[in-house]
Amino acid sequence: MVQRIDVTGMGGVRLAAWEFADPPKIGGGLEESEQRPGVLLLHGLMGRASHWAATARRLSARHRPVALDQRGHGRSEKPSEGPYDREAYVDDAIAAIEQLGLAPVALVGHAMGALTAWQLAARRPDLVSALVICDMRASALGAASQHEWTEWFRSWPLPFATLADVRKWFGEGDPTLERPRPTRGEFFAEVMAERADGWRPVFSRRQMLTARETWVHDAHWEELAQVSCPALVVRGLDAELGRAEAQEMVRVLPRGAYAEIPDAGHLLPWEQPDAWCAAIEPFLRTATVPS
């Protein structure tokens, strides 16, 4: 079962949160779902809450998983002028935790969502019980990276005539790909909507670049060192986060741990879902045990 719950984010922005759990059994005390440790799942840039459905359903046996459509994404509001800075994304996640009664919560973030998660954990340790960082670098990516993304967005052959065309281009035809990645095609098919002229992304590419601009020029090691809860850094063997940097992140984290998944790239939770869950489930089970 999945249930949509509206959350009010920073500046009154309407956010859509999605709770993945069986209908709660109501007894003499709290609802069963509210007795389970909360997990907030944060997607990356261009992602959406529904991408976490399989992970959330796996976690729902022991946890209360909620996935958030972050501002500018999915079914959440996309204010034309933002803001789309780090403070807005962190404040939105805090609002979701507090309004949904998830604290102390385990944060699971992919890419941009992982950065939001560890910035939140550093700023509000009282709200966070554990942290999972999936394929996000702590080092500055730089202006060249932002330029590459700008050119990549311009290369998209919009509109796509069919969803099959979406899957084919992002999974095979994209010239930035070194080899076919069918999972990538499926990932992007989920963030497209049919318009009068064809299929287009549900997000604004301009807003995505604006959001990315706020983190690519800075390193984030200092905030990583301020995370006091148990933290797991997960990377794929062929991911964007290199092994040396990932292991340095683990060293910087006061209570860091490391997991590596073979045969996986940036989208490792969807490329290797069983290995991904095998890595995070034992960690979350241990880290979220009430003290």
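In this text, all values refer to a predicted model and were calculated from it rather than measured experimentally.
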Under a 3.5 Å cutoff, is there a donor and acceptor pairing between the side chains of Trp18 and Ser50?
no
Check: Trp215 and Leu141 side chains under 4.5 Å, non-hydrogen atoms
yes
Would Gln70 and Ser76 count as having a side-chain donor-acceptor pair, cut-off 3.5 Å?
no
Before accepting this row, confirm whether a basic side-chain N of the pair Glu245/Arg137 lies closer than 4.0 Å to the acidic partner's carboxylate O.
yes
Heavy-atom nearest pair, Ser129 first then Ala106, reads OG-N, 3.5 Å
Contact check, side chains of Trp221 and Glu223, non-hydrogen atoms, under 4.5 Å:
no
Check this for me, if you would: do Asp92 and Arg71 make a salt bridge, where the nitrogen-to-carboxylate-oxygen distance has to be below 4.0 angstrom?
yes
Atom pair CD/CZ of Glu248 and Arg243 - distance to nearest 0.5 Å
15.5 Å
Just do the side chain to side chain contact (heavy atoms under 4.5 Å, CB included) check on Met249 and Leu224 with the steps written out, would you?
CA-CA 8 Å; Met249 290 170 66; Leu224 204 65; 3.7 Å; yes
Give a yes or no on whether Leu177 and Trp156 share a hydrophobic cluster (residues Ile, Leu, Val, Met, Phe, Trp, Tyr; joining criterion: side-chain heavy atoms under 4.5 Å apart).
no
Minimum side-chain heavy-atom gap Leu59-Leu284 below 4.5 Å
yes
Provide the closest heavy-atom pair for Pro175 versus Trp169 in the form atom of the first, atom of the second, distance.
CD-CZ2, 4.0 Å
So His73 and Phe203, would you call those rings parallel, tilted or perpendicular, with 30° and 60° as cut-offs?
tilted
Nearest non-hydrogen partners of Gly9 and Ala95, listed with the distance
CA-CB, 4.3 Å
Answer yes when Arg181 and Glu271 have at least one side-chain N-carboxylate O distance shorter than 4.0 Å, and no when they do not.
yes
Looking at side-chain heavy atoms only, is the closest gap between Leu68 and Leu15 below 4.5 Å?
yes
Taking the side chain as every heavy atom from C-beta outward, state whether Thr288 and Pro230 have any atom pair closer than 4.5 Å.
no
I'd like to know if Asp91 and Arg123 make a salt bridge, using a cut-off of under 4.0 Å between side-chain N and carboxylate O.
yes
For Arg58, enumerate each residue passing the side-chain hydrogen bond (donor to acceptor under 3.5 Å, both in side chains) test, keeping only those at least two apart in sequence or located in another chain.
Asp274, Glu281
Salt bridge (charged side-chain N to carboxylate O under 4.0 Å, His left out) evaluation trace for Arg124 with Asp126:
CA-CA 5 Å; Arg124 291 292 306 273; Asp126 57 306; 2.7 Å; yes
Do Val132 and Leu107 make a side-chain contact, defined as non-hydrogen atoms from C-beta onward lying under 4.5 Å apart?
no
Are Phe188 and Phe160 close enough that their ring centres sit under 6.0 Å apart?
no
Ring centres under 6.0 angstrom apart (Trp276, His110):
no
Determine, stepwise, if the pair Arg212 / Ser145 fulfils side chain to side chain contact (heavy atoms under 4.5 Å, CB included).
CA-CA 10 Å; Arg212 196 173 187 273; Ser145 171; 2.7 Å; yes
Under 4.5 Å between side-chain heavy atoms, hopping through other hydrophobics if needed: is there a path connecting Met136 to Val216?
yes
Got a sec: does the CD of Glu178 have more than 12 other heavy atoms crowding it under 6.0 Å?
no
Report the relative orientation of the aromatic rings in His220 and Trp118; use parallel for angles under 30°, tilted for 30 to 60°, perpendicular for over 60°.
perpendicular
Any chance you could lay out the side-chain hydrogen bond (donor to acceptor under 3.5 Å, both in side chains) test for Ser60 and Arg36, step after step, and finish with the verdict?
CA-CA 9 Å; Ser60 65; Arg36 301 174 185 175; 5.4 Å; no
Correct closest heavy-atom pair for Cys134 and Ala114 would be N-CB, 4.0 Å
Just wondering, do Val108 and Trp52 contact through their side chains at under 4.5 Å, heavy atoms?
yes
Checking Asp165 against Trp199: is there a side-chain donor and acceptor pair closer than 3.5 Å?
no
Using a distance-only test with no angle check, is there a side-chain donor-acceptor pair under 3.5 angstrom linking Arg86 and Thr116?
yes
Membership question, hydrophobic clusters at under 4.5 Å side-chain separation (ILVMFWY): are Met10 and Tyr89 in the same one?
no
Any luck finding a side-chain donor-acceptor pair between Thr162 and Arg167 under 3.5 Å?
no
Only counting residues at least two apart or in another chain, list the ones meeting side-chain hydrogen bond (donor to acceptor under 3.5 Å, both in side chains) with Trp152.
Asp174
Are any of the side-chain heavy atoms of Arg205 and Leu158 separated by less than 4.5 Å?
yes
Tell me which one of Leu237, Ile261, Leu241 satisfies side chain to side chain contact (heavy atoms under 4.5 Å, CB included) with Leu268.
Ile261
I'd like to know whether Phe187 forms a side chain to side chain contact (heavy atoms under 4.5 Å, CB included) with Trp270, so could you lay out the CA-CA distance, the side-chain angles of the two residues, the decisive distance to 0.1 Å, and finally the verdict.
CA-CA 8 Å; Phe187 184 94; Trp270 303 280; 4.1 Å; yes
Residues Asp6, Arg75; criterion salt bridge (charged side-chain N to carboxylate O under 4.0 Å, His left out); working and verdict:
CA-CA 10 Å; Asp6 285 341; Arg75 297 291 183 88; over 6 Å; no
Ignoring hydrogens and angles, write down the donor-acceptor pairs under 3.5 Å from the side chains of residues 96-105, residues two or more places apart or on other chains.
residue, atom, partner, partner atom, Å
Gln99, OE1, Thr8, N, 3.0
Gln99, NE2, Thr8, O, 2.8

